[in-house]
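Numbers restart at 1 for each chain; the letters A, B, ... are given by sequence-line order, proteins then strands. Everything numeric here is computed off the predicted structure, so don't read it as measured data.
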Amino acid sequence: MFKHLPSKSLAATRRSCRCLHSDPHTHPLLAAFSRLCVDGPLRAALALLPDLADAGVRADPVTVCRLIKLCVRHGTASDGRLIHRHVSDSGHGGAPFGSSLFVSNSLVSMYAKFGLLDDALRLFDGMPQKNVVSWTTVVAALANAGGRKEEALRFLVAMLREGVAPNMYTFSSVLGACSTPGVLAALHGSIVKVGLESDVFVRSSLIDAYMKLGDVDGGRRAFDEMVTCDLIVWNSIIAGFAQSGDGVGAIELFMRMKEAGFLSNQGTLTSVLRACTGMAMLEVGSQVHAHVVKYDEDLILHNALLDMYCKCGSLQDADALFSRMRQKDVISWSTMISGLAQNGRSIEALKVFDLMKSEGPKPNRITMIGVLFACSHAGLVEDGWYYFRSMEKLFGIQPEREHYNCMVDLLGRAGKLDEAVKFIHEMNFRPDSVIWRTLLGACRMHKKANLAAHAAKEILKLEPDDQGARILLSNTYADLRQWADAEKSWKVMRDRGVKKEPGRSWIELCKQVHLFIAGDLSHPYSEGIIQELSRLFCRVTNFGYAPQTEFVLQDLASEQKEDLLKYHSEKLAIAFGMMNAMEGKPIRIMKNLRICGDCHAFAKLVSKSEGKVIIIRDPVRFHHFQDGVCSCGDYW
DNA sequence: TTAGGGTTAG
């Protein structure tokens with residue numbers, strides 16, 4: 001323990017200290033201790049505490065605060081408690097010392113950082129003096145702790161009542177606890193009133209608070225009004241756009257940031273990747289990959305990159321990255337498992353899960369959702385049951401609603417609807433709308449109109465304004481050509497102003513996103529697209545294509561039905577993709593709705609007749625079309 | 001002595 005002291009052994013140091021140094025302020029032990037508090041190692045500094053006490057010397061508050069910081073960075077909660085005990089013993093935590101406030105504030109912060117919030121609050125309550133730092137520390141601790149945001153706001157109010165004025169630290173902390181637009185507006189008002197709106201910390205928290213409440217315009221305004229700016233403010237706005245689903249907006253901001261001369265860091269790149277993931281922009285995403293190489297230790301960034309490749313349907317890149325990653329956590333493994341499963345490679349997903357069990361971290365609840373997803377989308381009913389039943393025993397993960405939902409999906413997709421219903425009734429909690437929606441989807445797939453009606457009614461009981469339930473119910477009637485029932489359902493939708501979301505597909509070309517809306521021929525290249533589409537129809541007809549008009553869910557004459565089918569958004573995107581196809585590269589399309597059966601058949605035949613790989617991502621999974629076959633095995 | 005942004009499913 002004394003190897004960190006200069007030249008002589010600790011025993012010798014101690015002896016000489018006792019003999020020669022009666023003044024505790026110039027004590028050599030103290031000098032050694034102060035050095036260790038600056039540079040560490042923490043263990044060596046902690047080891048000197050009893051000796052300091054024995055020698056009757058007292059470290060000054062600045063040194064104690066340094067030690068506390070060192071402990072937060074490199075130590076454990078018990079190290080923290082040890083320091084706290086020593087501080088109290090030596091009198092630094094007591095009221096008579098003017099400097100005690102600094103140390104107490106640091107201790108409160110330390111307990112909070114170790115997640116010991118109750119200890120932090122107890123210490124705070126006992127403090128005879130409190131300043132803005134003490135209050136801010138507690139407000140920040142509560143705002144950062146899960147589920148204690150209300151308390152953070154109550155502490156802010158109490159602080160104001162005590163006459164303590166919040167500063168930029170307080171505002172940037174409490175903004176993280178903002179859970180309603182009203183509170184946010186009030187805080188924003190106070191920030192402007194006291195003139196703190198240009199502080200970059202306050203600004204980035206403000207942007208983040210608006211974005212977290214889903215107010216993208218508010219976030220954008222807060223960003224546009226900004227006078228001073230730093231990288232984190234840019235990161236906040238880019239992250240906000242990426243999280244709100246506006247991937248194109250996020251990329252545009254990223255470009256502007258670079259134009260403004262800011263260099264991106266890991267945080268920026270992670271958000272940009274998320275934007276690419278959301279929009280399936282593989283070209284931009286791959287370009288970001290080149291910058292990620294610099295940060296090969298950043299696991300968050302690499303997980304984001306891995307997810308981007310999976311969600312862009314580029315499993316080869318994902319696979320290569322996954323094998324190269326030296327560090328992999330439960331998120332990396334879960335991402336890879338879900339990614340493979342969503343891309344129709346369930347067996348490989350389960351193999352990766354086996355590998356994870358033998359050489360990876362312990363699976364968590366999300367890993368298990370991926371595993372069950374793999375089973376349900378490959379029709380592996382027995383495997384699904386096995387994993388569901390054994391997850392608690394093998395990994396200590398108690399099945400939650402999401403896992404039950406996966407099981408309903410597994411049984412429903414496999415056509416075991418009676419078993420699915422039995423399973424729902426035997427669950428030890430009341431089925432929620434998600435479970436009923438899953439069952440409804442399965443009913444639609446297997447054309448079980450009566451059960452679908454029952455599921456839809458259960459959803460509407462729980463969520464009377466649910467559009468999805470009415471749409472799915474009406475689609476089920478339409479599938480069965482029960483036009484009277486379908487019409488009844490549509491009438492309710494019309495009366496309530498429910499509109500079916502139009503089908504949208506998009507495609508990335510030269511880092512630009514081209515959007516196609518079902519039946520909308522307003523794209524600048526529409527003429528060419530229609531020509532190309534006609535050519536493709538001729539080609540695939542030779543390969544046996546016949547329009548499957550049952551996928552048009554309105555009671556129309558069959559020529560009209562064919563017309564509607566012709567201009568489904570994914571067909572427009574396929575034609576556009578073919579016109580701009582690059583040799584050897586697949587066409588990648590993303591959709592907002594599940595792919596329809598007719599487009600699925602069309603895409604299969606185009607992949608065969610044109611010798612082109614087509615990848616379509618819908619909101620749930622991927623379809624890789626090649627040589628007339630789809631990776632989903634026509635089971636989706 | 002106190003504060004800000006980023007990853008996984010559905």
With no hydrogens and no angle check, is any side-chain donor or acceptor of A/His403 less than 3.5 Å from a backbone partner on A/Arg365? yes
For A/His377, run the side chain to side chain donor-acceptor pair (under 3.5 Å) check against A/Arg345, A/Gln342, A/Arg621 and tell me which one passes. A/Arg621
May I ask you to decide whether A/Asp618 forms a salt bridge with A/Lys591, counting only side-chain N to carboxylate O separations under 4.0 Å? no
Could you tell me the separation between the CD1 atom of A/Ile191 and the P atom of B/dG4, rounded to a whole number of Å? 14 Å
Is A/Lys311 close enough to B/dA9 that one of its side-chain N or O atoms is under 4.0 Å from OP1 or OP2 there? yes
Is the distance between the ring centroids of A/Phe353 and A/Trp333 under 6.0 Å? no
Ion pair check, A/Asp354 and A/Lys357, cut-off under 4.0 Å: yes
Around atom NZ of A/Lys351, are there more than 12 heavy atoms of other residues, nucleotides or ligands at under 6.0 Å? no
Please check if any side-chain donor atom of A/Asp307 sits under 3.5 Å from a side-chain acceptor atom of A/Thr277, or the reverse. no
Carboxylate-amine/guanidinium proximity below 4.0 Å for A/Arg220 and A/Asp217: no
Length of the CZ-C1' vector between A/Arg617 and B/dG10, whole Å: 14 Å
Residue-phosphate contact under 4.0 Å: A/Lys212 side-chain N/O, B/dG4 OP1/OP2: no
Assess whether one donor atom and one acceptor atom, taken from the side chain of A/Asp230 and the base of B/dG4, lie less than 3.5 Å apart. yes
Among B/dT2, B/dG6, B/dT1, the one nearest any side-chain atom of A/Ser109 is B/dT2
Could you tell me whether A/Val434 contacts a base, only the sugar-phosphate backbone, or nothing, with contacts defined as non-hydrogen atoms closer than 4.0 Å? nothing
Any side-chain N or O of A/Asn144 less than 4.0 Å from the OP1 or OP2 oxygen of B/dG4? yes
Grab the NE2-P distance between A/His188 and B/dG4 for me, whole Å please. 19 Å
Value in whole Å for how far the P atom of B/dT7 lies from OH of A/Tyr295: 17 Å
Contact residues, residues 364-374 of chain A to DNA chain B [heavy atom, < 4.0 Å]: A/Arg365, A/Ile366, A/Ile369, A/Phe373
Assess whether a salt bridge exists between A/Arg203 and A/Asp230, defined as any Lys/Arg side-chain N lying under 4.0 Å from an Asp/Glu carboxylate O. no
So which nucleotide from B/dT7, B/dA3, B/dG6 ends up closest to the side chain of A/Arg274? B/dT7
Answer whether the closest heavy-atom distance between the side chains of A/Val620 and A/Phe373 falls below 4.5 Å. yes
Integer-rounded Å distance: B/dT8 C1' and A/Ile331 CD1: 5 Å
Aromatic ring centroids of A/Phe388 and A/Phe423 under 6.0 Å? yes
Residues A/Asp208 and A/Ser205: side-chain donor-acceptor under 3.5 angstrom: no
Identify whether any heavy atom of A/Asp329 sits under 4.0 Å from a base atom; if not, whether one sits that close to sugar-phosphate; answer base, sugar-phosphate or nothing. nothing
Go through B/dG6, B/dA9, B/dT2 for me and flag the one nearest to the A/Gln342 side chain. B/dA9
Counting side-chain heavy atoms from C-beta on, which of B/dT1, B/dG10, B/dG6 comes nearest to A/Asp208? B/dG6
Using a cut-off of 4.0 Å on non-hydrogen atoms, how would the nucleic acid contact of A/Lys113 be classed: base, sugar-phosphate, or nothing? sugar-phosphate
Strand contacts (DNA chain B) in residues 259-273 of chain A, 4.0 angstrom heavy-atom criterion: A/Asn265, A/Gln266, A/Gly267, A/Thr268, A/Thr270, A/Ser271
Within residues 157-173 of chain A, find the residues that approach DNA chain B with a heavy atom at under 4.0 Å, and present them sorted by residue number. A/Asn167, A/Met168, A/Tyr169, A/Ser172, A/Ser173
Which of the following nucleotides, B/dT2, B/dG4, B/dT7, is nearest to the side chain of A/Ile232? B/dG4
Looking only at B/dG6, B/dG10, B/dT1, the nucleotide nearest the A/Asp298 side chain is B/dG6
Measure CG/A/Asp307 against P/B/dG10 and give the value in whole Å, please. 11 Å
To the nearest Å, how far apart are A/Phe241 CZ and B/dG6 P? 15 Å
A/Trp234 ring center near A/Phe223 ring center (under 6.0 Å): yes
B/dT7 P sits how many Å from A/Leu301 CG, rounded? 11 Å
